[in-house]
Amino acid sequence: MNIQNYINGNFHKPIQNNWIDNYNPSNGEVYGQIPNSNKDDVEKAYNAAKSAFKQWSQTTLEKRSRILIKISELLETNLQRFAEAESKDNGKPVSLAKAVDIPRAASNFRFFGNAITQFASESHESVGQQAINYTLRQPIGVVGCISPWNLPLYLFTWKIAPALAAGNCVVAKPSEVTPMTAYLLGKICNEAGLPKGVLNIVHGLGITTGQAIIEHPDIKAISFTGGTTTGSHIAKVAAPMFKKLSLELGGKNPNIIFGDCDYQDMLNTTVRSSFANQGQICLCGSRIFIEAPIYEKFKTDFVAKVKQLKVGHPSQTETNIGALVSKPHLEKVKEHIQIAKNENGTVLCGGNEITVEGFENGYYLEPTVIEVPSDECRVNQEEIFGPVVTIMPFHTEEEVLEMANKVKYGLSATLWTNNLKRTMRMSHQLQAGIVWVNTWMMRDLRTPFGGVKASGVGREGGFEALRFFTEAKNVCIKY
Ligand code: TXE
């Protein structure tokens, strides 16, 4: 199935008629083509957005809210169709797309549809000077949203929904590896009555389409989620034009387990935080540190549980782990397993590609647990972004804190303990934007979301996102 760009409420072929193949990771087959849009396509999308801005930014909050909530409802009505499309494009189990990805995309629209009606700005009376200041929060204009392949519609809408709610018009690009649900979203937006040009979706490669968006002088803000190298490149391109940037980048998150935790809960959640979505979530706890007295027990129990995970075709209900997103990504993950072996890591389970009967050319890999001799080895420092975790013991709080913080990333951290004082001490010192204690990936959409160090700049979520997508203007009136 070929997909097209969504510009000004209509579907268009790319102007130069350039196309790229779209692969189904579960069987390795090309199942459609997508536009490889260039500067002209982005310009066309920008012009549509610019023309729609005046009216959309003046649309009442109630009406904006109603349209966004309608999009949310239509996503819910089309849950099965969207979940199947997401799974076919990405390789993730349909059950996961149905339980997490698509419901969350719907929640993103509902949440920001509601949030905008509660968003307010401040006023400051200049006491003794007979003046009052009030702050306006005005939409920026045309903004760019660029998203990755791991949680395709989930992350695409996490940016688009607040941008639209705040009154901006959007030029958006999903990952070229997983464009399908973004394409389907265009149709839903029309059905929900989103005015033409308010949202424009252009498809194509990062170096062509993405680059044209970030270089566009009049796209004044960019919200990006993806790799750290790409984020750094975007920052360089955007800086001379003084664009506003929100960058959510990679992670190498520690999962720190103390002996006093609720063991069974920790074990079950750690399997999930290691391998959910084939380990392709920026929040996965890929470095597991276990307190020495329970290390051997954990190692035995964890490996036994991981061995029970069923790798299979994404449409089969018993599948826990589907296919990795692409052939190049599979190769990158396999390369890291080899690096671990070269650095004297011990593969406790997994480590091999799997052939799934009937889908021999799919990109399947066993969930892999590696015992590492040191926290400084490459597999403990570099983001692998696949079904691979490392384990190693620690002896003291100070030691584990140092190891946890000794990476270039700082997205999230998970802590398992029932000791309140230790919880407080550690969660305040961990270098991360998000700390989960005795849980993982529990999300309240009002909370700030993002990372420190090489994991990015800026925060998404709640009013933080609405602040990002608006400019503050102070008006001072003397009376
Ligand atoms: O990401 P890219 P890739 C990590 C993970 C992964 C690595 C690379 O480690 O192995 O990043 O993944 C667009 N101008 N994460 O190569 O390239 C691109 O088209 C503008 C972490 O897939 O960063 C896509 O839409 N845009 C991550 C988006 O950027 C450009 C999720 C992300 O792609 C561009 C995914 C350019 N010059 C990967 N180049 C997370 N934090 O969740 C690329 N793009």
Side-chain angles (χ1 to χ4, degrees), residues 20 22-23 25 34-39 42 89-90 92 101 144-156 158-160 171-179 181-182 201-216 219 222-238 243 245-253 276-284 286 324-336 363 378-379 381-388 407-412 433-434 441 449-458 460:
I20 30 186
N22 191 15
Y23 287 83
I34 75 161
N36 188 13
S37 309
N38 67 8
K39 257 188 159 151
V42 169
D89 230 9
N90 172 280
K92 67 177 71 206
D101 293 72
C145 298
I146 300 177
S147 59
W149 46 257
N150 59 331
L151 300 165
L153 194 66
Y154 175 133
L155 291 176
F156 193 60
W158 180 232
K159 301 177 178 308
I160 289 169
V171 175
K173 189 192 95 62
S175 168
E176 62 274 25
V177 187
T178 54
T181 45
I201 303 171
V202 279
H203 297 274
L205 298 173
I207 44 164
T208 48
T209 322
Q211 187 70 21
I213 294 174
I214 60 171
E215 280 178 352
H216 198 292
I219 296 180
I222 305 283
S223 174
F224 169 83
T225 299
T228 293
T229 313
T230 316
S232 152
H233 169 75
I234 292 175
K236 278 186 212 137
V237 173
K243 291 181 194 239
L245 283 186
S246 169
L247 304 174
E248 203 270 281
L249 311 174
K252 189 73 189 174
N253 311 304
N277 205 39
Q278 296 69 246
Q280 301 166 144
I281 305 181
C282 52
L283 305 165
C284 278
S286 52
L324 267 65
V325 74
S326 67
K327 182 87 178 154
H329 190 58
L330 173 70
E331 293 305 325
K332 177 193 151 182
V333 177
K334 277 167 51 189
E335 211 178 292
H336 273 89
Y363 318 132
R378 277 182 65 190
V379 278
Q381 294 288 320
E382 296 172 16
E383 186 179 44
I384 302 175
F385 218 65
V388 180
V407 289
K408 68 174 185 174
Y409 298 104
L411 189 53
S412 69
I434 304 143
M441 217 174 153
F449 181 87
V452 297
K453 305 201 284 187
S455 293
V457 289
E460 301 186 284

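All residue numbers refer to positions in the sequence shown, counting from 1. Predicted model, so just to flag it, every value in this text is computed and none were measured. Order of appearance sets the numbers: ligands from 1, and atoms from 1 within every ligand.
Residue Gln211 has at least one heavy-atom neighbour below 4.0 Å for each of these atoms of ligand 1: 14 (N), 20 (C), 36 (C), 37 (N). Near Ile214, meaning under 4.0 Å from any of its heavy atoms, are these atoms of ligand 1: 14 (N). Taking every heavy atom of His233 and a limit of under 4.0 angstrom, the matching atoms of ligand 1 come to 37 (N). Each of the atoms 31 (C), 42 (O) of ligand 1 lies under 4.0 Å from some heavy atom of Asn150.
No donor-acceptor pair closer than 3.5 Å links the side chain of Asp101 to the backbone N or O of Leu151. Ser455 contributes a side-chain N or O that, together with a main-chain N or O of Gly250, makes up a donor-acceptor pair within less than 3.5 Å. Using a distance-only test at 3.5 Å, with no hydrogens or angles considered, no donor-acceptor pair links the side chain of Lys159 to the main chain of Ile146. Using modelled atom types, no side-chain atom of Gln278 and backbone atom of Pro387 make a donor-acceptor pair closer than 3.5 Å. Looking at His329, its side chain never comes within 3.5 Å of a backbone N or O of Gly386 through a donor-acceptor pair.
There is no protein heavy atom closer than 4.0 angstrom to atom 33 (O) of ligand 1. There is a protein heavy atom less than 4.0 angstrom from atom 20 (C) of ligand 1. In this structure, atom 9 (O) of ligand 1 has protein heavy atoms in its sub-4.0 angstrom surroundings.
Residue, atom and distance of the protein heavy atom nearest to atom 24 (C) of ligand 1 are Ser147 O, 3.5 Å. Scanning the protein heavy atoms around atom 36 (C) of ligand 1, the nearest turns out to be Gly206 O, 3.3 Å. Counting protein heavy atoms only, atom 35 (C) of ligand 1 is closest to Pro148 CB, 3.5 Å. Atom 29 (O) of ligand 1 has its closest protein heavy atom at Phe224 CE1, 3.1 Å. Nearest protein heavy-atom neighbour of atom 42 (O) of ligand 1: Cys282 CB, 3.3 Å. Closest protein heavy atom to atom 1 (O) of ligand 1: Gly227 N, 3.8 Å. Protein heavy atom closest to atom 18 (C) of ligand 1, with residue, atom name and distance, is Glu176 OE1, 3.6 Å. Looking only at heavy atoms of the protein, atom 16 (O) of ligand 1 is closest to Trp149 NE1, 4.9 Å.
Taking distance alone, with nitrogen or oxygen atoms compared against 3.5 Å, Glu383 approaches ligand 1 more closely than that limit. Close N/O approach between Ile207 and ligand 1 is not found [any backbone or side-chain N/O within under 3.5 Å]. Residue Thr228 places no N or O, backbone or side chain, under 3.5 Å from any N or O of ligand 1. Not a single N or O atom of Ile146, backbone or side chain, sits closer than 3.5 Å to an N or O atom of ligand 1.
Note that OG1 of Thr208 is 8.0 Å distant from CD of Glu176, once rounded to the nearest 0.5 Å. Here the straight-line distance linking atom SG of Cys284 with atom CD1 of Ile384 works out to 11.5 Å at 0.5 Å rounding. Annotation: the span from Ile34 atom CD1 to Thr178 atom OG1 amounts to 9.0 Å, rounded to 0.5 Å. The CD1 atom of Ile201 sits 4.0 Å away from the CZ atom of Phe156 when rounded to the nearest 0.5 Å.
The heavy atom nearest to atom 39 (N) of ligand 1, considering only Thr178, Leu151, Thr230, is found in Thr230.
Residue Thr229 does not touch ligand 1, judged by heavy-atom distances below 4.0 Å. Residue contacts with ligand 1, taken as heavy atom pairs separated by less than 4.0 Å, involve Glu248 via backbone and side-chain atoms alike.
Pairing each heavy atom of Glu460 with each of Thr225, the nearest pair is OE1-OG1, 4.1 Å.
Within the 4.0 Å heavy-atom cutoff, Pro174 counts among the residues contacting ligand 1. Note on ligand 1: His329 sits in its first shell, one or more heavy atoms being nearer than 4.0 Å.
For the pairing with Gln211, the side-chain hydrogen bond (donor to acceptor under 3.5 Å, both in side chains) check across Lys39, His216, His233 returns one residue only, His233.
Lys332 has no carboxylate O lying under 4.0 Å from a charged side-chain N of Glu335, or vice versa, which leaves the two without a salt bridge.
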